[in-house]
Engineer: 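The structure follows.
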Amino acid sequence: MKFEVFAILKDYFQPEFDLQTTAANIEAVKQELVKLQPAALDVLSTCRFAVNDEFIDNEFQLKESDTICIIPPSSGG
Amino acid sequence: MKFEVFAILKDYFQPEFDLQTTAANIEAVKQELVKLQPAALDVLSTCRFAVNDEFIDNEFQLKESDTICIIPPSSGG
Amino acid sequence: MIPSASFPPAAEDNTIFISAEPLDIVGLLSKAHHPGAGAVVLFSGEVRNDNNNKQVAFLEYEAQAAIASRMINDILQEASNKWELNIAIAQHRIGKVNICESAVLVITASPHRKEAYDANRFIIDKIKHEVPIWKREYFTDGTNKWGGNCNCNAI
Amino acid sequence: MIPSASFPPAAEDNTIFISAEPLDIVGLLSKAHHPGAGAVVLFSGEVRNDNNNKQVAFLEYEAQAAIASRMINDILQEASNKWELNIAIAQHRIGKVNICESAVLVITASPHRKEAYDANRFIIDKIKHEVPIWKREYFTDGTNKWGGNCNCNAI
């Protein structure tokens with residue numbers, strides 16, 4: 001699975017990275033990422049997730065070929 | 001007494017005119033003007049009056065040498 | 001620019017509140033950036049081609065310039081006391097104003113956006129309701145009418 | 001202008017929502033005059049030199065440009081459905097933005113002023129709270145911090 005992260009998440013992860021995982025939904029993915037970077041727990045719990053530029057919820061079935069964008073809370077303007 | 005009128009009042013009076021009167025306050029002046037132009041009654045009742053670029057009320061003692069501006073309701077913007 | 005066309009004359013005070021020239025939106029906006037301001041709000045009141053389903057050809061504005069200028073200045077001061085403003089600018093046009101042209105301009109700048117919006121609206125509302133400026137609407141059918149801002153003011 | 005620096009690329013669609021170039025306030029405002037609009041409201045969110053008493057040197061903005069552009073477009077559409085708007089424009093800058101420069105611009109035009117103000121505020125609030133754009137504050141003391149719009153969002 002490919003990941004793209006933004007803003008403050010880049011303090012914890014590479015901007016883009018691959019992760020070998022069988023996680024099939026967001027919650028499972030989050031657990032894997034927190035194992036990698038326990039300090040990112042608080043930030044990750046506030047993030048939205050997107051696949052193909054569409055936000056997804058926990059019902060969304062992730063595939064191994066997906067690229068997942070992790071979107072921290074907005075701070076534009 | 002000199003008068004300057006604006007906007008819709010110019011449909012009833014000359015922009016500037018003199019009036020021989022002993023009227024000493026706004027109410028008395030209005031009565032004189034309505035005698036001149038009965039059709040202006042409704043408009044005049046909505047107007048403000050100013051002397052020396054300051055709004056005045058009915059307490060203000062008018063002098064024969066005053067120039068009175070008659071100010072219809074605003075419609076700027 | 002003809003100095004006497006605007007009030008007060010530029011020589012006495014470079015703040016113009018009533019202008020017989022087209023309003024310089026770009027020039028005024030360029031003065032409205034301030035290092036302490038996070039928000040700039042500009043309002044431009046422009047001439048519409050339609051009022052109550054009558055086709056408007058153009059408007060003509062008239063003012064009692066001395067009172068109008070002083071009142072606009074006072075309104076800007078009042079807004080600056082009420083909100084934390086870095087900048088407060090307002091100008092009203094007089095004379096003939098064509099469709100799409102600006103008849104009145106208000107610019108406010110403040111640290112946060114709520115103040116800039118609220119102050120801007122306060123200023124334009126006061127100018128429209130209180131300042132001695134009058135509009136005459138000229139319609140495409142050749143008729144004309146002294147305007148009111150709302151039906152309640154129609155005489 | 002470097003086409004790839006803005007999204008979507010100009011060749012595909014001439015509406016730019018996310019721009020790596022300084023926002024063209026004057027150019028965008030000049031497109032906002034409409035014969036049916038009596039009110040034009042412009043909001044410019046600009047970089048302040050101070051945040052919570054720390055001296056700001058400049059900001060840097062980052063966006064997920066594809067989602068951000070689509071969401072800004074959707075927000076403008078939503079505002080146009082909610083209010084009678086003649087024009088609704090919004091653009092957010094990315095990259096380094098200096099003090100006094102505009103980070104985000106919203107322009108609305110409508111027949112009457114209430115709608116233009118209300119829609120303008122609705123659009124900027126939604127952009128700030130929902131669109132994936134992030135600010136990093138660089139302070140004059142050499143430190144930097146990923147920003148939140150308010151304390152409640154501080155991580």
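Within every chain, numbering begins at 1; the chains are lettered A, B, ... in the order of the sequence lines, protein sequences first and strands thereafter.
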Engineer: In terms of side-chain geometry, is the basic nitrogen of C:K54 or C:D50 positioned less than 4.0 Å from the acidic oxygen of its partner?
Structural biologist: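 Answer for the salt bridge query: no.
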Engineer: Just by distance, no angles: are the side chains of B:N25 and B:Q61 close enough, under 3.5 Å, to form a donor-acceptor pair?
Structural biologist: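 No donor-acceptor contact under 3.5 Å links the two side chains.
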Engineer: Pair up each side-chain donor or acceptor in residues 73-81 of chain C with any protein partner under 3.5 Å, not counting sequence neighbours, and list the distances.
Structural biologist:
{"residue": "C:E78", "atom": "OE1", "partner": "C:K126", "partner atom": "NZ", "Å": "3.3"}
{"residue": "C:S80", "atom": "OG", "partner": "C:L76", "partner atom": "O", "Å": "2.9"}
{"residue": "C:N81", "atom": "ND2", "partner": "C:Q77", "partner atom": "O", "Å": "3.4"}

Engineer: Compute the centroid of each ring, for C:W134 and then for C:Y61, and state whether the two points are separated by less than 6.0 Å.
Structural biologist: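 No.
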Engineer: Using 30° and 60° as the class boundaries, would you call the ring planes of B:F3 and B:F17 parallel, tilted or perpendicular?
Structural biologist: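 The arrangement is parallel - the two ring planes meet at less than 30°.
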Engineer: So, applying side chain to side chain contact (heavy atoms under 4.5 Å, CB included) with B:V5, which one of B:K10, B:E16, B:Q14 is it?
Structural biologist: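 So the option named by the test is B:K10.
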Engineer: Heavy-atom pairs under 4.5 Å with chain B - which of C:E60, C:H92, C:Q64 has more of them than the others?
Structural biologist: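 The option with the most such pairs is C:Q64.
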Engineer: How about residues 48-57 of chain B versus chain C: which residues have heavy atoms under 4.5 Å apart?
Structural biologist: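 Interface residues of residues 48-57 of chain B: B:R48, B:A50, B:D53, B:E54, B:F55.
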Engineer: What part of C:A63 gets closer than 4.5 Å to chain B, counting heavy atoms only: side chain, backbone, both or neither?
Structural biologist: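 Backbone only.
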Engineer: Tell me, side chain or backbone of C:E62 under 4.5 Å from chain B's heavy atoms, or both, or neither?
Structural biologist: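 The side chain, not the backbone.
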Engineer: So does C:Q55 have more than 12 non-hydrogen atoms from other groups sitting under 6.0 Å from CD?
Structural biologist: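 Yes, CD of C:Q55 has more than 12 neighbouring heavy atoms, counting only those of other groups under 6.0 Å.
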